[in-house]
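Residues take their numbers from the sequence shown, with the count starting at 1.
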Amino acid sequence: MPKRTTVFQRLVKLFHDRLDSNWVVNESEMLIHRLTGEEREVDIVLKYKLGTHDVIVSIECTDIKRPASSTWVESMTKKHEFLPTSKLILWSASGFYKPAIITAEKFGIEIVSQNDNIDVEWATFSKSFKDGLLKVVNSSFSFFIDVVDTNGKKTRLEGPHNYIFRINGGESLFTIIQLREHVMSQQEVGTILLDHATNEKKDFWIQYVPPFKCEVQKETGDWVDPFRIGFGIKASIEETKTESKTIKYKNTVATLAVSKLEGGSLELFIEEKPGEAPKVSSQMNKK
């Protein structure tokens with residue numbers, strides 16, 4: 001995650017990234033105080049161009065265990081009094097005390113209340129990531145091509161050369177790297193790695209028999225017949241606990257699960273709506 005943020009704030013930001021392309025969404029943006037010229041950090045800023053006028057929606061988030069107080073609402077109102085905020089929205093991960101709700105209504109501030117017990121029948125996928133474990137498998141690949149050589153003997157071609165294949169005398173051409181990418185994109189391959197890769201078992205081989213008649217070009221320029229192609233997979237595994245937050249807004253439930261890995265932090269974002277397949281995206285934030 002970026003600096004100066006929390007999982008809850010990050011989730012709210014990713015949730016608003018789903019707005020149409022007319023909106024620009026930034027996290028931890030600095031707005032200029034109209035009286036002093038000072039910069040003030042705002043958790044999330046949404047900007048929309050309406051003719052020559054900039055509409056700025058500022059969102060402030062609080063992720064404390066108890067409900068937000070009227071004091072916090074008042075302090076946010078005061079903070080934005082001289083900022084170029086067109087509309088202020090306050091998100092609380094633990095809801096709002098009643099005086100805070102009254103205060104927000106008095107100042108015309110929209111509040112969005114959340115809690116840790118979001119129970120929506122159709123949002124089952126998000127629940128599986130709540131404070132769970134995440135297994136990350138990174139893979140590196142090698143290959144070999146077993147061929148019948150021009151002298152009739154069987155021999156093996158290996159990397160790093162990017163061998164070229166041809167079909168029907170050259171009507172179609174593809175490389176071993178392109179074939180590898182095709183094979184590795186198969187869902188079955190990823191499932192096997194997730195199910196079986198461990199710190200003790202890291203090396204896998206996939207045998208691929210071409211389902212069509214083809215030839216491969218040796219480094220000498222000769223075209224020979226392949227009868228078996230093998231892809232080696234060397235896996236590195238990290239299994240770590242996730243910190244997660246879930247929000248519900250109107251007809252959408254969204255969850256962000258964050259895992260700290262050796263190379264940085266991995267974000268897994270899940271969005272669910274009734275009657276629709278879950279949308280899942282991931283992002284690696286390097287150290």
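By the side chain to side chain donor-acceptor pair (under 3.5 Å) test, S21 pairs with no residue at all, sequence neighbours left out. For R18, the side chain to side chain contact (heavy atoms under 4.5 Å, CB included) test picks out F269, E271, S281, with sequence neighbours left out. Listed by chain and number, the residues in a side chain to side chain donor-acceptor pair (under 3.5 Å) with T85 are S58, H80 (sequence neighbours excluded). E219 meets the side chain to side chain donor-acceptor pair (under 3.5 Å) test with Y163; sequence neighbours excluded. For E276, there are no side chain to side chain donor-acceptor pair (under 3.5 Å) partners at least two apart in sequence or on another chain. With sequence neighbours left out, K234 forms a side chain to side chain contact (heavy atoms under 4.5 Å, CB included) with S140, D203.
N285 and E267 are linked by a side-chain donor-acceptor pair at a separation below 3.5 angstrom, with hydrogens and angles left out of the test.
Here the CD-OG1 distance, from E181 to T175, works out to 7.5 Å after rounding to the nearest 0.5 Å. Taking CG of L157 as the start and OG1 of T155 as the end, the distance is 6.5 Å to the nearest 0.5 Å. Summarising the geometry, atom OG belonging to S69 is positioned 8.0 Å from atom CD belonging to E74; distances are rounded to the nearest 0.5 Å. Atoms CD1 and CG, from I111 and L90 in turn, are 7.5 Å apart once rounded to the nearest 0.5 Å.
Taking the six-membered ring for Trp, Y249 and W91 have ring centres closer than 6.0 Å. The ring of F174 has its center closer than 6.0 angstrom to the ring center of F165.
Salt-bridge check for E60 with K79: passed, with a basic side-chain N closer than 4.0 Å to an acidic carboxylate O. Residues D54 and K47 are not paired through a salt bridge, judged by the lack of any N-O separation under 4.0 Å between the basic side chain and the carboxylate. Using a cutoff of 4.0 Å between basic side-chain nitrogens and carboxylate oxygens, K279 and E272 are not scored as salt-bridged. Ion pairing of K13 with D43 is absent here, as no side-chain N (NZ or NE/NH1/NH2) approaches a carboxylate O to less than 4.0 Å.
Within a 6.0 Å sphere centred on OH of Y48, other residues, nucleotides and ligands contribute 12 heavy atoms or fewer.
A single hydrophobic cluster is seen to contain both F141 and I177, as judged by linkage of ILVMFWY side chains at heavy-atom distances under 4.5 Å, directly or through other members. No chain of hydrophobic side-chain contacts below 4.5 Å, direct or via other Ile, Leu, Val, Met, Phe, Trp or Tyr residues, connects V57 to V42. Hydrophobic clustering of Ile, Leu, Val, Met, Phe, Trp and Tyr side chains at less than 4.5 Å, counting indirect connections, keeps V55 apart from I109. The cluster map of Ile, Leu, Val, Met, Phe, Trp and Tyr, joined by side-chain heavy atoms under 4.5 Å apart, puts I167 and L179 in the same cluster.
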Practice problem: Using the side chain to side chain contact (heavy atoms under 4.5 Å, CB included) rule, take R10 and E27 through it: C-alpha gap first, then chi angles, then the decisive distance, then the call. | Solution: CA-CA 8 Å; R10 184 70 176 156; E27 187 177 7; 2.8 Å; yes
Quiz item: After noting the C-alpha distance and the side-chain angles of R34 and E81, does the key distance pass the side chain to side chain contact (heavy atoms under 4.5 Å, CB included) rule?
Solution: CA-CA 9 Å; R34 287 195 295 267; E81 183 178 3; over 6 Å; no
Quiz item: Where do W72 and Y97 land on the ring-ring contact (aromatic ring centres under 6.0 Å, His included) test, with the steps shown first?
Solution: CA-CA 11 Å; W72 181 68; Y97 284 120; over 10 Å; no
Practice problem: May I have the step-by-step check of side chain to side chain contact (heavy atoms under 4.5 Å, CB included) for F231 and F143, ending in yes or no? | Solution: CA-CA 4 Å; F231 294 103; F143 67 84; 3.8 Å; yes
Exercise. Please assess K218 against D149 for the test side chain to side chain contact (heavy atoms under 4.5 Å, CB included), listing each intermediate value before the final yes or no.
Key: CA-CA 9 Å; K218 295 174 58 179; D149 212 334; 3.0 Å; yes
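Under the side-chain contact (heavy atoms from CB on, under 4.5 Å) test applied with T246, the options L256, T255, I270 reduce to a single match, T255.
Side-chain atoms of I176 and I229, non-hydrogen and from C-beta on, do get closer than 4.5 Å to each other.
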